[in-house]
Amino acid sequence: MSKTSLREGQMIISLPESCLLTTDTVIQSYLGPYITKWMPPPSPLLALCTFLVSEKHAGDQSLWKPYLDILPKSYTCPVCLEPEVVDVLPQPLKAKAKEQRARVQEFFASSRDFFSFLQPLFVEAIDSIFSYSAFLWAWCTVNTRAVYLRPRWRECLSAEPDTCALAPYLDLLNHSPHIQVKAAFNKETGCYEIRAASRCRKHEQVFICYGPHDNQRLLLEYGFVSLHNPHACVYVSTEMLVKYLPQTDKQMNKKISILKDHGFIENLTFGWDGPSWRLLTALKLLCLETEKFMCWKRVLLGEVISDTNEKTSLDLAQKICNYFIEETSAVLQKVSDMKKEKVSLINQLILVETLWMEELKILQTSAEILNSLQTPFP
């Protein structure tokens, strides 16, 4: 909460570099000699995760205990969700969640020899300290809370970008998609600084913005969904693009190829302002009549080819939108049933339910906009 009114450009927080938890912190600790000797050099991310697990295990003996105590005990990123919950995520997010889980599991498996190398530092068996659950907690801590620093290079670490730092106290600030801030490390002051880019009234909660992320990205990387997120959207896959198109169109493969070549096959979405320009453009090209096919370049430039093409593409967008509304409603019913059957997963299911409900609102808004766009056509 702000104790005074904040004006644009005013400093919100200035955190000295000595308070940041970076790879320098790790290398200068008791882990330093082991990291320096290990070949091939561990990654900056592995160094940070290892330090977090080790310090958490140290408990009261850790100098970082005050910070560790305010960290979440568990996380709600998809990598931490139960498989049956992941299965009811939207398809694009489900695919990314499974990829994320496989990547973290491989990261852990490939790091176990390094953990064994640290055994002389501990009385307990190393496997009991560096378990997968402990490692997953540390990975999520870095992934959800790290701030960006300019890339550095350490001879004892791998060549992967060393840009992450944990910032105690600063990471208690919550995200709002409606807020703008300026956040960066100031080399002159030696502090990580956050300045307000908009005003904040006295006694209001002070927010920061993690970036212009849609809700699927927020859930994947940070484990939460933002209500009324202006960046939220519903993604349309290639399969959905052609679902309602005539199978007899002999130019379909060529049209798809053109869309791929010109970057119009991904990031096609419905948003709060209806179907995106990219989605409508892709649909207009796919709906081109045989005799108008040579006009495809004009379509990608945003030109109107004919009333027929405009109406056909809007009809197609409406069909896709209506299909998504039916599918989303069906999934919401399924999640509602799961909440009754799997009480132990209630919190995870509520999170997924919130995501789907926000997507349903977007689709319903898009359907209304599409209806209004079709009125000029007979």
Side-chain angles (χ1 to χ4, degrees), residues 76-78 81 85-97 174-180 207 209-244 259 263-284 286 310 313-336 338-339 348-375:
T76 50
C77 307
L81 301 181
V85 178
V86 173
D87 281 340
V88 288
L89 289 172
Q91 186 55 44
L93 180 56
K94 185 197 301 187
K96 289 177 181 175
N174 286 326
H175 164 83
S176 170
H178 309 286
I179 297 296
Q180 287 186 321
F207 291 94
C209 182
Y210 298 172
H213 304 315
D214 63 66
N215 277 336
Q216 293 195 21
R217 174 77 183 276
L218 286 174
L219 182 53
L220 180 71
E221 301 295 348
Y222 302 103
F224 68 87
V225 172
S226 179
L227 301 181
H228 314 298
N229 180 0
H231 310 294
C233 59
V234 177
Y235 289 92
V236 180
S237 66
T238 310
E239 292 72 29
M240 279 306 304
L241 280 180
V242 299
K243 182 178 176 67
Y244 296 104
L259 291 176
F264 273 85
I265 210 72
E266 293 181 342
N267 294 324
L268 309 179
T269 59
F270 290 102
W272 292 110
D273 53 356
S276 67
W277 179 82
R278 288 171 55 80
L279 173 57
L280 285 179
T281 301
L283 293 177
K284 288 175 186 178
L286 291 171
E310 294 288 303
S313 57
L314 285 174
D315 284 344
L316 183 53
Q318 185 83 65
K319 287 178 181 177
I320 294 172
C321 187
N322 289 340
Y323 173 84
F324 275 138
I325 288 173
E326 291 177 9
E327 286 289 292
T328 302
S329 299
V331 174
L332 279 168
Q333 183 57 55
K334 181 178 180 180
V335 172
S336 179
M338 288 175 69
K339 283 165 62 182
Q348 294 186 15
L349 290 167
I350 288 174
L351 181 63
V352 174
E353 184 179 52
T354 303
L355 175 64
W356 279 109
M357 289 178 72
E358 287 297 295
E359 297 206 350
L360 181 59
K361 292 174 190 173
I362 290 170
L363 292 166
Q364 290 169 336
T365 301
S366 291
E368 292 173 7
I369 291 170
L370 282 164
N371 278 332
S372 66
L373 290 173
Q374 288 177 318
T375 50

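Computation of the quantities below employed the complete heavy-atom set of this structure, encompassing side-chain atoms and omitting hydrogens, waters and symmetry-equivalent molecules. As the structure is a prediction and not an experimental result, all values here were calculated from the model.
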Q) Within a strict 4.5 Å, meaning less than it, do heavy atoms of the H178 and P230 side chains meet? A) yes
Q: First locate atom CD1 of I350, then atom CG of L355, and finally report the distance between them rounded to the nearest 0.5 Å.
A: 14.0 Å
(Q) Measuring from atom CG of L93 to atom CZ of R217, what distance do you get when rounded to the nearest 0.5 angstrom? (A) 11.5 Å
Q | Gap between atom CD of Q318 and atom CG of N371 - 0.5 Å precision | A | 4.5 Å
Q.
So for atom CD, which belongs to E266, do other residues, nucleotides or ligands contribute more than 12 heavy atoms lying within a distance under 6.0 Å?
A. no
Q: Begin with the C-alpha distance, continue with both residues' side-chain angles, and end with the deciding distance and a verdict on side-chain contact (heavy atoms from CB on, under 4.5 Å) for L259 and L286.
A: CA-CA 9 Å; L259 291 176; L286 291 171; 3.8 Å; yes
Q: Starting at CG of L373, measure out to CG of L314 and round the result to the nearest 0.5 Å.
A: 6.0 Å
(Q) Testing the basics here: between S313 and K284, what is the closest heavy-atom pair and its distance to 0.1 Å? (A) OG-CG, 3.4 Å
**Q.** Side chain to side chain, K243 and I320, heavy atoms closer than 4.5 Å
**A.** no
Q.
For V236 versus M240, what's the shortest heavy-atom pair and its separation?
A. CG1-CB, 3.8 Å
Q | Sequence-distant partners of K94, side chain to side chain contact (heavy atoms under 4.5 Å, CB included), two or more places apart | A | V86, D87, L89, Q91, K98
Q) Do any pairs count as a salt bridge (charged side-chain N to carboxylate O under 4.0 Å, His left out) and have a residue in residues 350-361, sequence neighbours left out, and if so which ones? A) K339-E353, E358-K361
Q | Minimum heavy-atom distance L316-L241, with the two atoms named | A | CD2-O, 4.0 Å
**Q.** side chain to side chain contact (heavy atoms under 4.5 Å, CB included) involving L351 - partner list, sequence neighbours excluded
**A.** T76, L219, V225
Q: Determine whether more than 12 heavy atoms belonging to other residues, nucleotides or ligands lie under 6.0 Å from atom CD of Q180.
A: no
Q | Any residue meeting side chain to side chain contact (heavy atoms under 4.5 Å, CB included) with K334, in chain and number order, not counting sequence neighbours | A | V88, M338
Q. Quick check: does any side chain N or O of T328 sit under 3.5 Å from a backbone N or O of I325, one acting as donor and the other as acceptor?
A. no
**Q.** Backbone of L218 reached by a side-chain donor or acceptor of H213 within 3.5 Å
**A.** no
**Q.** Exercise: identify the closest heavy-atom pair between S366 and G271
**A.** OG-O, 3.0 Å
Q. So, for C321 and L370, which heavy atoms are closest and what is the spacing to 0.1 Å?
A. CB-CD1, 4.1 Å
Q) Taking only residues two or more places apart in sequence, or in another chain, which ones meet T269 in a side chain to side chain contact (heavy atoms under 4.5 Å, CB included)? A) C233, Y235, S276
Q.
Quick check for you: to the nearest 0.5 Å, what is the distance between Y323 atom OH and L363 atom CG?
A. 12.5 Å
Q: Answer yes or no: is there a side-chain heavy-atom contact under 4.5 Å between T281 and L268?
A: no
Q: Return yes if some donor-acceptor pair links the side-chain N/O of N322 with the main-chain N/O of A367 below 3.5 Å, else return no.
A: no
Q) Which of parallel (below 30°), tilted (30 to 60°) and perpendicular (above 60°) describes F270 and F324? A) perpendicular
Q) Is there a donor-acceptor pair closer than 3.5 Å between any side-chain N or O of N174 and the backbone N or O of F207? A) no
Q) Between Y210 and F224, what is the ring plane arrangement, given parallel below 30°, perpendicular above 60°, and tilted in between? A) perpendicular
Q.
Quick check: closest heavy atoms across W356 and P90, and the distance to 0.1 Å?
A. CZ2-N, 3.4 Å
Q.
Applying salt bridge (charged side-chain N to carboxylate O under 4.0 Å, His left out) as the test, list every pair that has at least one member in residues 319-331; sequence neighbours left out.
A. none
